[in-house]
Amino acid sequence: MAIKIASWNVNSIKIRIDAVTNWLREAQPDVLCLQELKCEDSAFPRGAIEDLGYNLAIFGQKTYNGVALISKWPLSDIRRGLPGMPDDEQSRYVEALVEAGERVFRVASIYLPNGNPVDTPKFSYKLDWMTALQRHAEDLLSHEEPLVLAGDYNIIPMPDDVYDPKAWLDDALYRPESRAALRSICNLGLTDAIRACHDEAGLYTFWDYQGAAWQKNKGIRIDHLLLSPEAADLLRGVGIDKHVRGYEKPSDHVPVWAVLS
DNA sequence: ATGCCGGGCGAAGCCCGA
């Protein structure tokens, strides 16, 4: 039995609910990790999602941030907020067990801080958040179970993941400190699902609304699925649903997914 | 191009994103 796990920064779930349900019908993922809900739990349009047969675990926030997991399989052991960041006021992490028949996966939906501008506390917040994520990933990896840490990492891992690396040298998404922190997390034993399957340049998950970035294909790859060894051993395929950027009223991010079996 | 879009809030114009 195969399970399809996806991640998508929707940039407001209220504005994007039709796009989300359209994509769910079209792509039929078992699990979707959502980021940037920009709404509190009570305002989340649950009904439209539940009508398609999905369960929800929401960690919302008014105006900014907000993450959720939706799953055709039962969700349990739900954790809201990143362990090690007890005073974090921003909703950026939700994790749950997905009980997919005879297999059980632990899945997290992550909205990593942007970090710009780099000479401000926003950048240190990003790096502190990544330190806490690394510690928590170490803990999760010690359980030696299939684990998927999915989300908007706000990090461009390599030069091939951006249309013009030079233009991004001083940006928090591409700064050496940010890339090193992501490498350090991966070096715990996590596999970037896209890069496990494809080595070509120009695989993007985000195109800015401005400057006709989509039309010019000026994109970046910042949405990632990181797999524990037990999950990576099950990896059968991946995809980036680029056409979703051409939807009416699109998010600036598109869904990225992996099939595990 | 550190704001050209687009969304939230709230009812104009500012904050924020990447």
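Sequence lines set the chain letters: A, B, ... in the order given, protein chains first and strands last, and positions in each chain run from 1.
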Next on the checklist: Are there over 12 heavy-atom neighbours, none belonging to A:Asp199, within less than 6.0 Å of that residue's CG?
Outcome noted: no

Checklist entry - Looking at residues at least two apart in the chain, or sitting in another chain, which of them share a side chain to side chain donor-acceptor pair (under 3.5 Å) with A:His243? => result A:Glu26

Checklist entry - Can you check the A:Ile15 CD1 to B:dC5 P distance for me, whole Å? => result 18 Å

Next on the checklist: For residues 237-251 of chain A, which residue pairs pass the salt bridge (Lys or Arg N to Asp or Glu O under 4.0 Å) check, not counting sequence neighbours?
Outcome noted: none

Next on the checklist: Would you measure the distance from the P atom in B:dT2 across to the matching atom in B:dG13 and give it in whole Å?
Outcome noted: 24 Å

Item to check | Partners meeting side chain to side chain donor-acceptor pair (under 3.5 Å) with A:Trp73 (sequence neighbours left out) | outcome: A:Asp30

Checklist outcome for this item: Ordered by number, residues from residues 214-224 of chain A within less than 4.0 Å of DNA chain B (heavy atoms) are A:Ile220, A:Ile222

Item to check | Residues forming a side chain to side chain donor-acceptor pair (under 3.5 Å) with A:Ser184, sequence neighbours excluded | outcome: A:Gln134

Item to check | Hydrophobic cluster identity match, A:Val104 and A:Leu75, side-chain contacts under 4.5 Å | outcome: no

Checklist entry - Taking for each residue the nucleotide of DNA chain B with the nearest heavy atom, is it A:Asp170 or A:Pro113 whose nucleotide lies nearer the 5' end? => result A:Asp170

Checklist entry - For A:Asp77, what residues pass the side chain to side chain donor-acceptor pair (under 3.5 Å) criterion, not counting sequence neighbours? => result A:Arg106

Next on the checklist: Taking 4.0 Å as the cut-off, does a side-chain nitrogen or oxygen of A:Arg16 come that near to OP1 or OP2 on B:dG6?
Outcome noted: no

Checklist entry - In whole Å, what separates the P atom of B:dG10 from that of B:dC15? => result 15 Å

Item to check | Separation between the P atoms of B:dA12 and B:dG17, rounded to whole Å | outcome: 25 Å

Checklist entry - Does OP1 or OP2 of B:dG7 have a side-chain N or O of A:Thr63 closer than 4.0 Å? => result no

Checklist entry - Looking at residues 238-248 of chain A, who's got a heavy atom less than 4.0 Å off DNA chain B? => result none

Checklist entry - Does anything in residues 212-242 of chain A pair up under ring-ring contact (aromatic ring centres under 6.0 Å, His included), and if so which pairs, sequence neighbours excluded? => result A:Tyr153-A:His224, A:Trp207-A:Trp214

Checklist entry - Partners of A:Trp257 by ring pair (Phe, Tyr, Trp, His ring centres under 6.0 Å), sequence neighbours excluded? => result none

Checklist entry - Once each nucleotide of nucleotides 10-17 of chain B is scored for protein heavy atoms under 4.0 Å, what B/S/- sequence comes out, 5' to 3'? => result -----BSS

Checklist entry - Mind checking who shares a hydrophobic cluster with A:Phe123, ILVMFWY linked at side-chain heavy-atom distances under 4.5 Å? => result A:Val118, A:Leu127

Checklist entry - In chain order, what residues pass the side-chain contact (heavy atoms from CB on, under 4.5 Å) check against A:Lys62, with sequence neighbours excluded? => result A:Glu40

